[in-house]
Amino acid sequence: MPSNAQRDNAVQLESPDTSVTQAAEGYTLLEQLEAEGVEVPYQCREGYCGRCRTKKVSGEVAYTSAPLAWVNPGEVLPCCCVAVSEVVLALDT
């Protein structure tokens, strides 16, 4: 877990039903979204398959482990990263 991840970082969703969750230290973006009841398709928890690949509109993330799946610029794998600033994600809903 990166030491610069802060508790007050928020994850905002750019979707018809915008939702905000506070970043909790030690939780990946996927875990945070699940805790808020946001469904994100995934098939792993270690960054391998890439199924949870999500567009990052803004903000900074840090990976808890190097992603094993390809991540294009402007995308994140929420299963294996944490917010290090306020992050806005665009979910396909």
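The shown structure was predicted, so the numbers you read here are calculated from the model rather than taken from an experiment.
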query: How about Leu77 and Arg53: do any of their side-chain heavy atoms sit closer than 4.5 Å?
result: yes
- request: Please report the shortest heavy-atom distance between Cys44 and Cys49, naming the atom on each side.
  value: SG-SG, 3.5 Å
For Arg45, side chain to side chain donor-acceptor pair (under 3.5 Å) partners two or more places apart: Glu34, Tyr42
message: Please give the remaining members of the hydrophobic cluster of Leu68, linking ILVMFWY side chains under 4.5 Å, ordered by chain and number.
response: Tyr48
query: Can you name the nearest heavy-atom pair linking Val87 to Lys56, along with the distance?
result: CG1-CG, 4.3 Å
- line: Of all heavy-atom pairs linking Cys52 and Pro78, the shortest is O-CD, 3.1 Å
message: Glu60: which residues meet the salt bridge (Lys or Arg N to Asp or Glu O under 4.0 Å) condition with it, sequence neighbours left out?
response: none
statement: Taking every heavy atom of Ala90 against every heavy atom of Val57, the minimum-distance pair comes out as CB-CG2, 3.8 Å
message: For Tyr63 versus Val76, what's the shortest heavy-atom pair and its separation?
response: OH-CA, 3.3 Å
field: Residues in side-chain contact (heavy atoms from CB on, under 4.5 Å) contact with Glu39, at least two apart in sequence or another chain
entry: none
task: Measure the shortest side-chain to side-chain distance between Leu29 and Thr54 over non-hydrogen atoms and say whether it is less than 4.5 angstrom.
output: no
